[in-house]
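There's a structure below that I have some questions on.
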Number of protein chains: 2
Amino acid sequence: MAAATGHVVSTVSNALAGKRHVNEETRRQVLEAAERLGYRPSGVARSLRLRLSSTVGVLVPDVSNPAIPEFLRGIDDVAVREGYTILLCNTDEVLERQVSQMQTLLDRRVDGMVLISQHCDAPEVRKILDGETPFVLIQRRSARFRDDYVGSDNLQGMRDSVSYLAGLGHRRIALVTGPVSSSTATERMEAFEGAVQELGCARDPQLIFRGDYTVQSGYEAMHYFGAMDERPTAVIASNDVCALGVQDAASELGLSIPRDLSLLGCDDIDLSRLRRIDLSTLHLPKREMGATAMQLLLRRIQSNRPPTAREVIIPTELVLRGSCASIA
Amino acid sequence: MAAATGHVVSTVSNALAGKRHVNEETRRQVLEAAERLGYRPSGVARSLRLRLSSTVGVLVPDVSNPAIPEFLRGIDDVAVREGYTILLCNTDEVLERQVSQMQTLLDRRVDGMVLISQHCDAPEVRKILDGETPFVLIQRRSARFRDDYVGSDNLQGMRDSVSYLAGLGHRRIALVTGPVSSSTATERMEAFEGAVQELGCARDPQLIFRGDYTVQSGYEAMHYFGAMDERPTAVIASNDVCALGVQDAASELGLSIPRDLSLLGCDDIDLSRLRRIDLSTLHLPKREMGATAMQLLLRRIQSNRPPTAREVIIPTELVLRGSCASIA
DNA sequence: TTGTAGGCGTTATCAA
DNA sequence: TTGATAACGCCTACAA
């Protein structure tokens, strides 16, 4: 490229980047030549030189789980605005996969990472997190460390949920929880247990089913609940996707929602507001949360001294639709 | 790193990469030092040297549209297996955004690009496509050029759909089509028109509503159809997401599916099989299609002489669920 | 305002 | 089998 213009590389570089002053005429020539040749500076070379890749890795359990893309979209919104590109990695909740993906991201010298509901306490993971590369956690935080984190207010949310159902007269309320490794799942479960006790509802461990945030697990949960001698009159699912499975099994069992069973979700995925689904749920502004996480990450990337960790807890809001009713 | 081991860089490189023979003892030392120092070769430097980034860009309209992530997952499956990482870009169907994202990908020297339902005939886009960087198209192909392409058999699929409905006695069948710029939408629409004529159904241009693959557009379409003097008795939606909107509006209008209205989708997104949705639709193996596209891309990336373009047309399969019934 | 030169961290080539 | 060296394409002192 330099050759083509008759100017030296540094002049070309400066003309293109507009960093230092170059003669207007020189500049014009360079720009013209670049245009004509379709020349564009190599981001790779720049990354090597600057030791900055303008790239962030995002780890997700599985993009095709409906709850995930909305976070992703929020992250992307601010990433694009700030000139970053996203490297996407699916981990399927499998620790080794997560570790190897993180390693790959590091090898590619990403400027930072966003971990959406990923393992963050496993020693292999922690070892990477303790390195130089900035990161932010979404919806799953460490039990032992304080990191940059964006998550929902699970305590308040679950309390609202239980007290809403209790207000409708329900006393046997079941919970389909998420995987043990998920702090959000754990927090929601603990809040559930607390609220159930406070509000004088049944405290039956059998009413808690361990799921894994999938439709399938909600489906299994409901079949399990349905087979109990004393069925729950209401079910809270730890996320909407899983609530969809509960709905499905309920139909199969001939249980009408909300007549025979009240159902409450968490997350408020886009589909929950469809009349066919019509799921009452805790709304979570996922796109905004993704954006917030990315902003936190950028703050850390761009600051010279590592800022102190910040945890952003987003309040949830109960969205009442048609899946709950007072007990007959 | 080289310094730490007392060996020269090239030896270190070779020990780590295992390319050429190094003394077993030397090798051990290098590996040990790397382990101890947590050293990992820079992918950026390697990319610069090799002029290969092991990175592919994927352009999508919007990740949070449920039809998209499944393709993405398929792409990722083979990408990971082959050591590639995905750079994700949302374009929102906006041409300038697509162009600027493609430019960014080029700047980052991606080894190739996958365009999921993107503009591919606009001159700005074509200019980039005509460059050196390999690419594959999914679900939207060029009207004028023959590129590597993976898409559904829209002709056969739409024929099956119409003839299924005609077999149920429907004669007034409506279509909610996709954006003009989408070849899949166009192909489906043309196939619809042909089939409708062949099978002796109403050929009323009013029965075709131009949507854009969103829930919202399906919703609007149904309200439009619902207000007609002579309502259609069946609706075919150009994709499932849009069918969801039709369902929603139908509920709102007090039309029961399938009693008052038969509804057929396209794509078969995961959610369509939920009992609450229960949408009859054309199944499309989206994850497999994504994988196929990525394989096509790799073939092009890895071959010395550009192979001739290949179009892979995937047959669709009508999945009968509960959204269609014979006419009363 | 422009030119020169060094280095970012690899790999490939060539010589030892 | 190993060592030295030259790119890859960019940015940035520093010198002119």
Side-chain angles (χ1 to χ4, degrees), chain A residues 1-34 37-55 83 85 103-111 131-133 301-302, chain B residues 1-34 37-55 83-85 103-111 131-133 301-302 304:
Chain A
M1 167 66 190
T5 66
H7 294 277
V8 294
V9 277
S10 69
T11 302
V12 172
S13 171
N14 286 108
L16 256 29
K19 279 280 200 176
R20 80 178 180 190
H21 266 294
V22 304
N23 185 300
E24 199 42 55
E25 169 61 10
T26 322
R27 170 193 203 68
R28 214 190 39 68
Q29 286 174 20
V30 172
L31 259 38
E32 186 274 330
L37 274 52
Y39 167 84
R40 307 217 103 214
S42 156
V44 176
R46 175 189 282 122
S47 295
L48 181 60
R49 171 69 233 244
L50 263 31
R51 308 153 138 275
L52 244 41
S53 63
S54 294
T55 269
T85 307
Q103 208 50 267
T104 304
L105 291 174
L106 256 37
D107 292 350
R108 296 196 189 287
R109 300 298 189 260
V110 293
D111 294 341
E132 296 286 77
T133 311
I301 289 174
Q302 288 160 2
Chain B
M1 170 65 191
T5 65
H7 294 278
V8 294
V9 277
S10 68
T11 303
V12 172
S13 171
N14 286 82
L16 256 28
K19 278 282 199 172
R20 78 179 184 192
H21 266 292
V22 302
N23 185 301
E24 199 42 57
E25 170 62 7
T26 320
R27 168 192 205 70
R28 214 191 40 67
Q29 286 175 22
V30 172
L31 259 39
E32 187 273 330
L37 273 54
Y39 166 85
R40 307 218 103 213
S42 156
V44 176
R46 175 187 283 125
S47 294
L48 180 60
R49 174 69 235 239
L50 263 28
R51 312 154 132 273
L52 246 41
S53 64
S54 295
T55 269
Y84 285 80
T85 307
Q103 207 51 267
T104 304
L105 291 175
L106 255 36
D107 292 351
R108 297 195 189 288
R109 301 297 189 263
V110 293
D111 295 340
E132 296 285 77
T133 311
I301 290 174
Q302 288 160 2
N304 308 42

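Just so it is clear: chains get the letters A, B, ... in the order the sequence lines come, proteins before strands, and each one is counted from 1.
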Whole-Å distance, B:H21 NE2 to D:dG3 C1', equals 18 Å
Winner on side-chain proximity to A:R49, out of C:dT4, C:dT10, D:dC10, is D:dC10
Check the side chains of B:R108 and B:T55 for a donor-acceptor pair under 3.5 angstrom, ignoring hydrogens and angles.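 No.
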On DNA chain D, more 5' by nearest nucleotide between B:A45 and B:V9 is B:V9
### B:S13 side-chain N/O to C:dT11 phosphate OP1/OP2 under 4.0 Å
yes
Would you mind reading off the distance between B:L16 atom CG and C:dT11 atom P, rounded to a whole angstrom?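 In whole Å, C:dT11 P and B:L16 CG are 8 Å from each other.
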Check your understanding: Touch check for B:S10, heavy atoms < 4.0 angstrom, all strands: base, sugar-phosphate only, or nothing?
Key -> base
#### Entry: Base C:dG3 paired with A:R20 side chain (donor-acceptor, <3.5 Å)
yes
Do A:R20 and A:S10 come close enough that some side-chain heavy atom pair is under 4.5 Å?
->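 They are in side-chain contact.
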Between CZ of B:R108 and C1' of D:dG9 the distance, given in whole Å, is 16 Å
What is the distance, rounded to the nearest whole Å, between atom CD of B:E25 and atom C1' of D:dT2?
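Checked: the CD to C1' distance equals 15 Å.
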Note, A:V30 side chain near A:H7 side chain (heavy atom, < 4.5 Å):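 The answer is yes, as the side chains (C-beta and beyond) meet within the 4.5 Å cut-off.
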Note to self: Would you say A:T11 places a side-chain N or O within less than 4.0 Å of OP1 or OP2 belonging to C:dG3?
What the structure shows: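 Indeed, a polar side-chain atom of A:T11 lies that close.
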| said: Just the rounded figure in Å: distance from P of D:dG3 to NE2 of B:H7. | reply: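 That distance rounds to 7 Å.
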message = Rounded to whole Å, please give me the gap between CG in A:L50 and P in C:dG6.
response =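 Computing the A:L50:CG to C:dG6:P distance gives 20 Å.
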Side-chain atoms of B:R46 come closest, of C:dT10, D:dC10, D:dC11, to C:dT10
Checking all strands, does A:N14 fall into the base, sugar-phosphate, or nothing category for heavy-atom contacts under 4.0 angstrom?
base
- Query: What's the verdict on side chain to side chain contact (heavy atoms under 4.5 Å, CB included) for A:Q29 and A:T5, showing C-alpha distance, side-chain angles and the deciding distance?
  - Reply: CA-CA 7 Å; A:Q29 286 174 20; A:T5 66; 5.7 Å; no
Checklist entry - CG of A:L48 versus P of C:dT11: gap in Å, rounded? => result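 Nearest whole value for this atom pair: 12 Å.
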Review point. Across the strands shown, which category fits B:V22 at heavy-atom distances under 4.0 angstrom: base, sugar-phosphate, nothing?
Key: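 Sugar-phosphate only.
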Looking across every strand, which nucleic acid part, if any, lies under 4.0 Å from B:R40 by heavy atom: base, sugar-phosphate, or nothing?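 B:R40: backbone/sugar contact only, no base atoms under 4.0 Å.
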**Item:** Rounded distance (Å) that lies between atom C1' of D:dC8 and atom CZ of B:R109
**Value:**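 Taking atom C1' of D:dC8 as the reference, CZ of B:R109 is at 11 Å.
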Taking atom types as they are modelled, would you say the side chain of B:T26 forms a donor-acceptor pair with the base of D:dT2 within the 3.5 Å cutoff?
no
message: Is the phosphate of C:dG9 approached by A:R51 (side-chain N or O, under 4.0 Å from OP1 or OP2)?
response: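 Yes, A:R51 has a side-chain N/O under 4.0 Å of OP1/OP2 on C:dG9.
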Short side-chain donor-acceptor distance under 3.5 Å, A:R109 and A:S47 |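 There is no such pair (donor and acceptor under 3.5 Å, judged by atom type) between the side chains of A:S47 and A:R109.
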